[in-house]
Student: 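Below are the structure tokens for one structure; questions will follow.
Just so it is clear: chains get the letters A, B, ... in the order the sequence lines come, proteins before strands, and each one is counted from 1.
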Amino acid sequence: MKLSKMYAPTLKEAPGDAEVVSHKLLTRAGMIRKLTSGIYSYLPLGLKALNKVADIIREEMNRAGAQEVLMPMVQPGDLWRESGRWEVYGKELLRFEDRHGRDYCLGPTHEEVITDLVRGEVKSYRQLPLNLYQVQTKFRDEIRPRFGLMRGREFVMKDGYSFDRDEAGAEASYRGMYEAYQKAFSRLGMRFRAVEADSGPIGGSYSHEFMVLADTGEDTIAVCQGCEYAANLEKAEVKLAEAPTPASCPALEQVSTPGMHTVEEVAGFLKIAPARIVKTLLYMADGQPVAALVRGDRELNEVKFKNLLGVIDLTLATPEQVQAISGAPVGFAGPQGLKVTKLYADNELKLGNDWAAGANAADAHVLRLDLTRDAKLTGYAELRTITQDDPCPRCGGRIAFTKGIEVGHVFKLGLKYSKALNAKFLDEAGKEQLMVMGCYGIGVSRIVAACIEQNHDADGIRFPPPVAPFEAAVLSLGKAGDEVSAKAEEIYALLGRLGVETVLDDRDERPGVKFKDADLCGWPMQLTIGGKGLAEGVVEAKDRRTGEKSKLPLDGFAEAFAAWRRQVRAGWGLED
RNA sequence: CGGGAUGUGGCUCAGCCUGGUAGAGCGCUGCGUUCGGGACGCAGAGACCGCUGGUUCAAAUCCAGUCAUCCCGACCA
């Protein structure tokens with residue numbers, strides 16, 4: 001492709017509303033333009049990068065035995081009512097009516113549609129297993145879209161679904177997808193990590209997220225330094241320390257703590273460690289008041305709590321609700337005599353006694369709290385979030401936190417949708433069985449952004465060769481019609497014959513502009529054709545990743561280029 | 001939904017406080033000189049100053065409303 005004919009308007013300055021580096025660079029490089037909040041157009045170069053990512057994913061999906069389909073973006077509300085998600089999904093589901101007043105929504109995901117598609121046709125165990133996927137535009141009306149392509153409302157996703165006759169089959173499908181994902185992300189040249197993740201109250205036994213490691217990631221992952229364990233913070237298990245059962249303590253004692261709301265304030269006022277305080281968190285779980293207790297220096301893990309309760313909606317109680325539940329303003333709740341339907345304490349609280357806590361009265365706390373004696377616990381459970389001081393739950397080694405961008409998620413759905421939508425088949429015995437489902441997503445457009453978050457410098461993008469819109473760029477420093485530009489055309493044509501996707505910068509621009517744009521757009525291999533080099537009988541080659549420059553002889557150029565290309569790709573950890 | 005900020009040629013922004021001819025840089029067009037890391041000169045084109053209403057002799061500027069965009073939060077008692 002010749003740059004002179006390409007619609008790829010580059011910008012010297014990033015638009016004022018772009019914050020993150022991938023958004024700025026994609027815009028500056030003329031790859032995307034924002035239409036409105038969280039919604040972007042892809043220009044030729046951006047679309048090319050997007051398609052490269054999608055094609056690699058397709059190849060790995062097909063190789064793993066999945067088949068590509070394409071489902072509608074507009075979905076009928078009735079189907080969502082059937083699965084029960086019309087009521088549950090919330091405002092992220094963009095709903096509207098057609099001219100007849102019938103309900104529709106823009107698909108944020110396709111479990112309903114795929115299950116509907118399969119249930120009508122698959123009636124026998126002979127037709128299973130089945131694995132279908134699509135690459136399609138999703139719409140989720142995000143509460144706050146941000147970070148350009150990283151969290152858009154409209155985005156391109158690869159979503160796949162497997163149908164198996166039993167749990168063992170589902171397990172095999174899951175593993176197949178897990179491996180396909182590993183391959184795809186490796187081939188894309190990204191640094192990533194598969195981590196254990198929360199599958200939600202509805203999911204099956206477990207799930208994994210694929211995280212691209214980058215400081216700008218929205219997720220935090222806990223990674224063991226000693227073993228293979230890695231998990232999303234919201235999922236990471238906490239290893240309980242060994243300790244003798246604590247002795248009981250003297251009776252409760254109320255103390256005045258005027259205006260002391262937070263753990264820090266109370267700890268400071270009473271001159272005790274925050275770890276000696278029991279923090280009482282009041283929530284509304286599907287409309288019912290519940291409470292969770294964690295140590296004052298710990299964080300409640302809402303995801304764990306929600307899963308434990310098995311509810312759909314869990315929100316922190318409002319000040320009014322806090323007053324009603326505890327009989328005191330916010331900041332003075334304690335576990336004694338709360339008006340809640342469930343009262344859970346974090347496992348760690350088993351290890352101590354003689355706690356301080358709110359007194360359920362304004363401006364007062366209690367001392368000498370014994371949870372077994374003074375509170376009616378529903379039970380103990382793991383409720384807190386892991387910290388970097390906790391040991392690895394597997395091997396006891398050191399845990400470190402890293403930031404990651406979630407680009408893929410595989411999880412077992414089990415029977416949830418097959419049950420709700422009645423997707424059944426007959427087994428060998430002629431007995432009706434529910435299909436066991438799995439679901440597998442990859443954020444295709446997010447990968448493009450994540451890739452840039454991970455690979456950039458002050459000059460612009462450093463695309464891994466498999467993601468780059470063009471693997472190589474030929475920068476012609478000549479003028480139209482002269483010897484230099486003729487040579488550039490020649491090299492460009494040669495690279496085409498070698499099967500290297502190449503862009504030729506034949507624009508009537510000064511060299512500086514071409515160098516700057518080449519770096520900005522992130523062409524992994526840059527070949528400069530200029531008078532200087534030609535006089536020496538060489539083409540100057542630059543590896544965008546390292547910035548390293550080398551000279552490839554015009555004599556035997558094809559071989560020299562091939563060797564250099566292998567070297568560049570090896571630097572990215574890529575084979576072939 | 002709460003808090004904060006911003007809307008002025010295609011882009012980045014100044015002007016607004018203190019009302020009176022709409023500015024700069026980049027980009028764009030033409031001509032000339034340049035030509036290996038975002039060149040220079042000259043001449044140009046391009047603006048319902050987000051929208052609606054109000055105050056005023058007069059509004060980009062003051063007031064009210066509204067829309068849009070961005071940031072923080074929407075959880076730790």
Student: Does a salt bridge link A:Arg146 with A:Glu19, judged by any charged N lying under 4.0 Å from a carboxylate O?
Tutor: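 No.
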
Student: With both distances under 3.5 Å as the test, what is the Watson-Crick or G-U wobble partner of B:rG19?
Tutor: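 No nucleotide pairs with B:rG19.
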
Student: Between B:rC57 and B:rU66, how far apart are the two P atoms, rounded to whole Å?
Tutor: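 Pairwise P distance, B:rC57 against B:rU66, rounds to 28 Å.
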
Student: Take atom C1' in B:rC62 and the same atom in B:rC75, then report the distance between them in whole Å.
Tutor: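 After rounding to an integer number of Å, I get 42 Å for this pair.
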
Student: Determine the contact category for A:Arg144: base if any of its heavy atoms lies under 4.0 Å from a base atom, sugar-phosphate if only primed atoms, P, OP1 or OP2 are that close, otherwise nothing.
Tutor: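 The answer is base, as A:Arg144 lies within the cut-off (heavy atoms under 4.0 Å) of a base atom.
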
Student: Applying a 4.0 Å non-hydrogen cut-off, can you work out what A:Lys542 is touching in the nucleic acid: base, sugar-phosphate, or nothing?
Tutor: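 Since a base atom lies under 4.0 Å of A:Lys542, the category is base.
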
Student: Base of B:rG38, side chain of A:Asp517 - is there a donor-acceptor contact under 3.5 Å?
Tutor: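 In this structure, the two groups form a donor-acceptor pair.
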
Student: In terms of the nearest nucleotide of RNA chain B, which residue is placed more toward the 5' end: A:Thr318 or A:Gly531?
Tutor: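 Comparing both residues, the 5'-ward one is A:Gly531.
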
Student: Once hydrogens and angles are ignored, does a donor-acceptor distance under 3.5 Å link the base of B:rG36 to the side chain of A:Glu540?
Tutor: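 Counting by modelled atom types and ignoring angles, a donor-acceptor contact under 3.5 Å is found here.
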
Student: Give the rounded distance in Å between these two atoms: CZ of A:Arg510 and P of B:rA39.
Tutor: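 Spelled out: CZ on A:Arg510 to P on B:rA39 is 5 Å.
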
Student: For the C1' atoms, the ones on B:rG15 and on B:rA60, what distance do you get once it is rounded to whole angstrom?
Tutor: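 Pairwise C1' distance, B:rG15 against B:rA60, rounds to 8 Å.
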
Student: Under the criterion ring-ring contact (aromatic ring centres under 6.0 Å, His included), I'd like the reasoning laid out for A:His23 against A:Phe147: C-alpha separation, chi angles, the key distance, then a yes or no.
Tutor: CA-CA 7 Å; A:His23 185 194; A:Phe147 305 151; 9.5 Å; no

Student: Within the 4.0 Å heavy-atom criterion, would you say A:Glu264 contacts the bases, only the backbone, or no part of the nucleic acid?
Tutor: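 A:Glu264: backbone/sugar contact only, no base atoms under 4.0 Å.
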
Student: At 4.0 Å (heavy atoms only), tell me whether A:Thr315 reaches a base, stays on the sugar-phosphate, or touches nothing.
Tutor: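 The answer is nothing, as A:Thr315 stays clear of every strand by at least 4.0 Å.
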
Student: Have a look at A:Gly331 and say if it touches a base, only the backbone sugar-phosphate, or nothing, with a 4.0 Å heavy-atom cut-off.
Tutor: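 Here A:Gly331 touches the bases of the nucleic acid.
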
Student: When you measure from the side chain of A:Val263, which nucleotide among B:rG73, B:rG37, B:rA77 comes out closest?
Tutor: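 Ranking B:rG73, B:rG37, B:rA77 by closest atom to the A:Val263 side chain puts B:rA77 first.
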
Student: What does A:Gly296 touch in the nucleic acid at a heavy-atom separation under 4.0 angstrom: a base, only the sugar-phosphate, or nothing?
Tutor: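 Answer is nothing: A:Gly296 stays at 4.0 Å or more from every strand.
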
Student: From the set B:rG36, B:rG38, B:rC71, return the single nucleotide nearest to any side-chain atom of A:Phe147.
Tutor: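 Selected nucleotide: B:rC71.
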
Student: Consider side-chain hydrogen bond (donor to acceptor under 3.5 Å, both in side chains). Of A:Asp519, A:Asp543, A:Asp505, which one does A:Gln526 pass it with?
Tutor: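 Option passing the side-chain hydrogen bond (donor to acceptor under 3.5 Å, both in side chains) with A:Gln526: A:Asp519.
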
Student: Can you tell whether the side chains of A:Arg462 and A:Asp457 come within less than 4.0 Å, N to carboxylate O?
Tutor: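 So A:Arg462 pairs with A:Asp457 through a salt bridge.
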
Student: Taking the minimum atom-to-atom distance to the side chain of A:Ser37, which one of B:rC70, B:rC76, B:rC35 wins?
Tutor: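 Out of B:rC70, B:rC76, B:rC35, the nucleotide with an atom closest to A:Ser37's side chain is B:rC70.
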
Student: Nearest of B:rA77, B:rG36, B:rC71 to any side-chain atom of A:Leu316?
Tutor: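 Looking only at heavy atoms from C-beta outward on A:Leu316, the closest nucleotide is B:rA77.
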
Student: For the side chain of A:Lys12, counting heavy atoms from C-beta on, which of B:rU34, B:rG37, B:rG38 is nearest?
Tutor: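 It is B:rG38.
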
Student: May I ask you to say what A:Ala328 touches in the nucleic acid, namely base, sugar-phosphate or nothing, with a heavy-atom cut-off under 4.0 Å?
Tutor: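 No contact at all - A:Ala328 keeps every heavy atom at 4.0 Å or more from the nucleic acid.
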
Student: Can you identify which nucleotide, out of B:rA77, B:rG37, B:rA39, has its nearest atom closest to the A:Phe515 side chain?
Tutor: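 Output: B:rG37.
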
Student: As a test of understanding, state which of A:Asn455, A:Leu25, A:Val21 forms a side chain to side chain contact (heavy atoms under 4.5 Å, CB included) with A:Ile461.
Tutor: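 Per the side chain to side chain contact (heavy atoms under 4.5 Å, CB included) rule, the option paired with A:Ile461 is A:Leu25, out of A:Asn455, A:Leu25, A:Val21.
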
Student: Just so I know, are the side chains of A:Tyr283 and A:Glu302 near enough to count as touching, which here means a heavy-atom distance under 4.5 Å?
Tutor: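 When only atoms from C-beta onward are counted, A:Glu302 and A:Tyr283 do touch, with a gap below 4.5 Å.
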
Student: Between B:rA22 and B:rA47, how many Å separate the two P atoms, rounded to a whole number?
Tutor: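 My reading of the P atoms in B:rA22 and B:rA47 gives 13 Å.
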
Student: Using the P atom in both, what is the distance from B:rU6 to B:rG44, to the nearest Å?
Tutor: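 Taking atom P in both B:rU6 and B:rG44, they lie 36 Å apart.
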
Student: Taking NZ, NE, NH1 and NH2 as the nitrogens, is one of them in A:Glu471 or A:Arg565 under 4.0 Å from a carboxylate oxygen of the other?
Tutor: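 Salt bridge between A:Glu471 and A:Arg565, a charged N being under 4.0 Å from a carboxylate O: yes.
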
Student: Look at the side chain of A:Lys516 and decide which nucleotide, out of B:rU69, B:rU12, B:rG38, has an atom nearest to it.
Tutor: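 Among the listed nucleotides, the one closest to the side chain of A:Lys516 is B:rG38.
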
Student: Find the partner of B:rC1: check Watson-Crick (N1-N3 plus N6-O4 or O6-N4) and G-U wobble (N1-O2, O6-N3) distances, both under 3.5 Å, and reply none if neither fits.
Tutor: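 Base-paired to B:rG73.
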
Student: Taking A:Glu348 as the fixed residue, which of A:Arg295, A:Lys239, A:Lys279 is the one that meets the salt bridge (Lys or Arg N to Asp or Glu O under 4.0 Å) rule?
Tutor: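 Between A:Glu348 and the candidates, salt bridge (Lys or Arg N to Asp or Glu O under 4.0 Å) is satisfied uniquely by A:Arg295.
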
Student: Between B:rC75, B:rA77, B:rG37, spot the one nearest the side chain of A:Glu302, thanks.
Tutor: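 Among the listed nucleotides, the one closest to the side chain of A:Glu302 is B:rC75.
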
Student: Under 4.0 Å, heavy atom to any atom of RNA chain B: which of residues 334-346 of chain A qualify?
Tutor: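 By residue number: none to list.
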
Student: Could you let me know what B:rA68 is paired to, Watson-Crick or G-U wobble, both distances under 3.5 Å, or none if it's on its own?
Tutor: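 Partner of B:rA68: B:rU6.
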
Student: Does a salt bridge link A:Lys48 with A:Glu501, judged by any charged N lying under 4.0 Å from a carboxylate O?
Tutor: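 A salt bridge is present here (some side-chain N lies under 4.0 Å from a carboxylate O).
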
Student: Would you measure the distance from the P atom in B:rA43 across to the matching atom in B:rU8 and give it in whole Å?
Tutor: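 It comes out at 29 Å once rounded to the nearest Å.
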
Student: Whole angstroms only, please: what is the CD-P distance between A:Glu299 and B:rC76?
Tutor: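 Going from A:Glu299 (CD) to B:rC76 (P), I get 9 Å.
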
Student: In Watson-Crick or G-U wobble terms, both distances under 3.5 Å, what is the partner of B:rG25?
Tutor: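 Paired with B:rG25, as far as the under-3.5 Å criterion goes, is B:rC11.
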
Student: Does the structure show a Watson-Crick or G-U wobble partner for B:rG32, both distances under 3.5 Å? Name it, or say none.
Tutor: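 Because both required distances fall under 3.5 Å, B:rG32 counts as paired with B:rC40.
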
Student: Please determine, for the side chain of A:Lys34, which listed nucleotide (B:rC70, B:rA77, B:rU34) has the closest atom?
Tutor: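 Of the candidates, B:rC70 comes closest.
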
Student: For A:Glu218, I'd like to know if atom CD has over 12 heavy atoms of other residues, nucleotides or ligands within 6.0 Å.
Tutor: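 Result for CD/A:Glu218: enclosed.
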
Student: From the set B:rA74, B:rA77, B:rC35, return the single nucleotide nearest to any side-chain atom of A:Ile143.
Tutor: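 Minimum distance to the A:Ile143 side chain belongs to B:rA74.
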
Student: Please answer whether the main-chain N or O of A:Ala214 pairs with a side-chain N or O of A:Gln454 as donor and acceptor at a distance below 3.5 Å.
Tutor: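 Pair absent, no side-chain N/O of A:Gln454 close to backbone of A:Ala214.
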
Student: Paired with B:rC62: which nucleotide, if any, by Watson-Crick or G-U wobble criteria at under 3.5 Å for both distances?
Tutor: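 For B:rC62, the partner nucleotide comes out as B:rG54, under the 3.5 Å rule.
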
Student: Please give the distance between the C1' atoms of B:rU61 and B:rU18 as a whole number of Å.
Tutor: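 My reading of the C1' atoms in B:rU61 and B:rU18 gives 10 Å.
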
Student: When we call it a touch if two heavy atoms are under 4.0 Å apart, what does A:Gly16 touch: a base, just sugar-phosphate, or nothing?
Tutor: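 If one applies the 4.0 Å heavy-atom cut-off, A:Gly16 turns out to touch the sugar-phosphate alone, with no base involved.
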
Student: On a whole-Å scale, what distance lies between the P atoms belonging to B:rA59 and B:rC49?
Tutor: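 Straight-line distance between the two P atoms is 12 Å.
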
Student: Mind calculating the distance between CG (A:Leu43) and C1' (B:rC11) to the nearest angstrom?
Tutor: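 Distance, rounded to whole Å: 15 Å.
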
Student: Take the protein atom CG of A:Leu477 and the nucleotide atom C1' of B:rU34, then report the distance between them rounded to whole Å.
Tutor: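 In whole Å, B:rU34 C1' and A:Leu477 CG are 15 Å from each other.
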
Student: Looking only at N and O atoms, is any donor in the side chain of A:Arg28 or the base of B:rG38 less than 3.5 Å from an acceptor on the other one?
Tutor: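 Such a pair is found, so the answer is yes.
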
Student: What does A:Lys549 touch in the nucleic acid at a heavy-atom separation under 4.0 angstrom: a base, only the sugar-phosphate, or nothing?
Tutor: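 The answer is base, as A:Lys549 lies within the cut-off (heavy atoms under 4.0 Å) of a base atom.
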
